[in-house]
Structures are given as structure tokens and as C-alpha cells.
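Comments concern the structure below.
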Amino acid sequence: MATYTLPELPYDYSALAPVISPEIIELHHDKHHAAYVKGANDTLEQLAEARDKDAWGSINGLEKNLAFHLSGHILHSIYWHNMTGDGGGEPLEKDGVGELADAIAESFGSFAKFKAQLTKAAATTQGSGWGVLAYEPVSGRLIVEQVYDHQGNVGQGSVPVLVFDAWEHAFYLQYKNQKVDFIEAMWQVVNWQDVAKRYASAKERANILLPAP
């Protein structure tokens with residue numbers, strides 16, 4: 001039995017139009033995300049075979065593949081729920097997400113400054129990658145990370161709460177090579193209720209990480 005499975009979308013393919021077309025959602029979820037799930041499961045099987053045979057010639061590549069595919073699966077699983085056709089704007093106390101709004105203001109100075117940083121981080125990622133808002137448990141603050149591929153250039157222990165996919169497969173069919181336009185449009189579909197729940201959950205689990213003395 002496979003360890004990882006492709007989650008169902010929380011909405012239909014057309015739910016995020018016109019920001020993201022139904023065709024992109026279908027291909028992105030059913031093909032690209034599914035490939036990361038398969039890649040993670042295949043790599044786990046290959047690692048099990050290596051253990052059984054005590055054959056470690058491919059260990060570096062296998063560990064890299066596992067990190068790549070597993071991180072791709074996790075980030076995409078967050079990505080789908082981070083978006084809603086009824087989203088956008090900014091988190092506000094009147095919408096029940098005041099704790100998140102306060103944390104953003106404390107960590108970045110204002111929502112506008114946070115939005116500018118995450119937009120730039122996602123839009124200027126070289127090659128394939130993500131812009132990520134993460135909870136950093138050592139400082140107890142929110143940080144923006146520019147993630148290369150799915151797993152590179154991240155702080156150990158940080159928990160993603162909002163992710164912007166900046167891989168070409170996320171936007172090229174609709175936005176061509178205008179990644180900046182896609183990232184700007186993404187703000188229209190952010191599901192702040194989901195982001196707030198992830199932030200609250202990350203804070204509750206923060207004591208799991210033991211900081212260095």
C-alpha cells in the first residue's frame with residue numbers, strides 16, 4: 001500500500017477562475033501533484049530495497065529524490081487549501097482572523113510590507129520554486145521564505161502556512177512568461193481562514209522543536 005496519496009481538491013476545477021483557469025487546475029493537480037506523490041512512494045520502495053540488499057551506491061540520489069517529491073507533495077497539499085474563489089483582500093479581525101493579522105503586522109511592519117515581500121520572493125525565484133509565509137518556532141515570528149524547487153533554501157523547523165507556487169506549470173498556460181502577473185493575481189484568491197488555522201496550529205506545536213541552548 002502506498003504511503004502517500006493524492007488528496008482530492010477542495011473545490012471543482014473552475015472554482016478559482018478567472019485567476020487560475022480550470023485547465024491549469026486540472027493539469028496541475030491530476031498530473032503534476034500526482035507525479036510528486038508517485039515519486040515519493042517510488043523512492044520509498046527503492047530505499048527499502050537498498051536496505052534489504054545493503055546496497056548504498058544510490059543513497060545520495062535517493063535521499064535527494066525523497067526530499068524533492070515529498071516536499072512537492074506537502075507544498076501542493078497546502079497550496080490547494082490556501083486558495084478559494086471567495087478569498088482575497090487582507091486578513092481582518094472582523095473576519096475572525098485578527099490573530100493572524102496582528103502577527104503579520106508584528107513580523108513585517110504592516111500587511112502592505114508583507115505583501116510586497118512575499119510577492120517579490122515568489123516572483124523573483126530563479127527557475128522553479130515557491131514563495132512561502134512560514135511560522136518560525138524559535139523566534140515565534142512569521143517569516144517569508146524563497147523556496148527553490150520544493151525543498152531548498154528553507155529554515156529548519158519553519159512551518160509553511162501560505163504558499164505561492166511559482167513553478168511554470170502553475171501559470172504558463174494562462175499567463176505565459178508573466179510570472180509577476182500571476183503572483184499579483186494570486187492575492188485575489190488567498191483563503192485567509194485556512195492560513196489563520198495553519199498559523200494557530202503551528203503555534204500550538206512550536207514546543208516540539210527544541211532550540212539549541
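Remember, it's a predicted structure, so these values are computed and weren't measured experimentally. Residue indices begin at 1 and follow the sequence shown.
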Counting N and O atoms only, with roles assigned by atom type, does the side chain of [X] sit under 3.5 Å from a partner on the main chain of [Y], one being a donor and the other an acceptor?
| X | Y | value |
| --- | --- | --- |
| Glu136 | Ile143 | no |
| Tyr175 | Ala170 | no |
| Glu204 | Tyr199 | no |

- [ ] Test Phe182 against every option in Phe171, Tyr172, Trp167 by the ring-ring contact (aromatic ring centres under 6.0 Å, His included) rule and name the one that passes.
- [x] Phe171
Open item on the list: Going by ring-ring contact (aromatic ring centres under 6.0 Å, His included), Tyr79 matches just one of His33, His28, His29. Which one?
Closed with: His28
Given side chains that start at C-beta, do those of [X] and [Y] come closer than 4.5 Å, heavy atoms only?
| X | Y | value |
| --- | --- | --- |
| Glu23 | Leu27 | yes |
| Phe114 | Ser107 | no |
| Arg51 | Trp56 | yes |
| Gln151 | Val154 | no |
| Leu6 | Tyr36 | no |
| Ile20 | Met83 | yes |
| His76 | Val163 | no |
| Ser201 | Lys197 | no |

Mind listing the side-chain donor-acceptor pairs of residues 63-72 below 3.5 Å, one per line with the distance, residues two or more places apart or on another chain?
{"residue": "Asn65", "atom": "ND2", "partner": "Gly61", "partner atom": "O", "Å": "3.4"}
{"residue": "Ser71", "atom": "OG", "partner": "Ala67", "partner atom": "O", "Å": "2.8"}

Shortest non-hydrogen contact between [X] and [Y], atoms and distance:
| X | Y | answer |
| --- | --- | --- |
| Ile104 | Trp192 | CD1-CZ3, 4.4 Å |
| Asn82 | Leu162 | OD1-CA, 3.1 Å |
| Phe111 | Pro91 | CE1-CD, 3.5 Å |
| Trp130 | Asp149 | CD1-O, 3.1 Å |
| Val190 | Thr84 | O-CG2, 4.2 Å |
| Thr3 | Asn41 | N-OD1, 3.1 Å |

Let me confirm one number: the [atom1]-[atom2] distance from [X] to [Y], rounded to the nearest 0.5 Å.
| X | Y | atom1 | atom2 | result |
| --- | --- | --- | --- | --- |
| His81 | Leu9 | NE2 | CG | 8.0 Å |
| Ser58 | Gln46 | OG | CD | 8.5 Å |
| Ile25 | Leu16 | CD1 | CG | 4.5 Å |
| Thr43 | Tyr4 | OG1 | OH | 10.0 Å |
| Arg198 | Asn191 | CZ | CG | 9.0 Å |
| Phe164 | Met186 | CZ | CE | 4.5 Å |

Task: Salt bridge flag under 4.0 Å for residues Glu168 and Lys179 - done: no
Enumerate, atom names and distances included, each donor-acceptor pair closer than 3.5 Å involving a side-chain atom of residues 116-124, sequence neighbours excluded.
{"residue": "Thr119", "atom": "OG1", "partner": "Lys115", "partner atom": "O", "Å": "2.7"}
{"residue": "Thr119", "atom": "OG1", "partner": "Trp187", "partner atom": "NE1", "Å": "2.8"}
{"residue": "Thr124", "atom": "OG1", "partner": "Lys120", "partner atom": "O", "Å": "2.5"}
{"residue": "Thr124", "atom": "OG1", "partner": "Gln146", "partner atom": "NE2", "Å": "3.2"}

Open item on the list: Please check if the number of heavy atoms outside Glu26 that lie under 6.0 Å from its CD is greater than 12.
Closed with: yes
TODO: Check the hydrophobic clustering (I, L, V, M, F, W, Y; side-chain heavy atoms under 4.5 Å; chains of links allowed) and say if Tyr148 and Ile183 are grouped together.
DONE: no
- [ ] Group every Ile, Leu, Val, Met, Phe, Trp and Tyr by side-chain heavy-atom contacts under 4.5 Å, then state whether Leu173 and Val189 land in the same group.
- [x] yes
Open item on the list: Run the side-chain contact (heavy atoms from CB on, under 4.5 Å) test on Leu133 and Leu142 for me, step by step, so that the C-alpha distance in whole Å, both residues' side-chain angles and the decisive distance to 0.1 Å come before the verdict.
Closed with: CA-CA 7 Å; Leu133 173 67; Leu142 291 167; 3.9 Å; yes
Open item on the list: With side-chain contact (heavy atoms from CB on, under 4.5 Å) as the criterion, how do Ile78 and Val132 come out once you've worked through the C-alpha distance, each side chain's angles and the decisive distance to 0.1 Å?
Closed with: CA-CA 11 Å; Ile78 297 171; Val132 174; over 6 Å; no
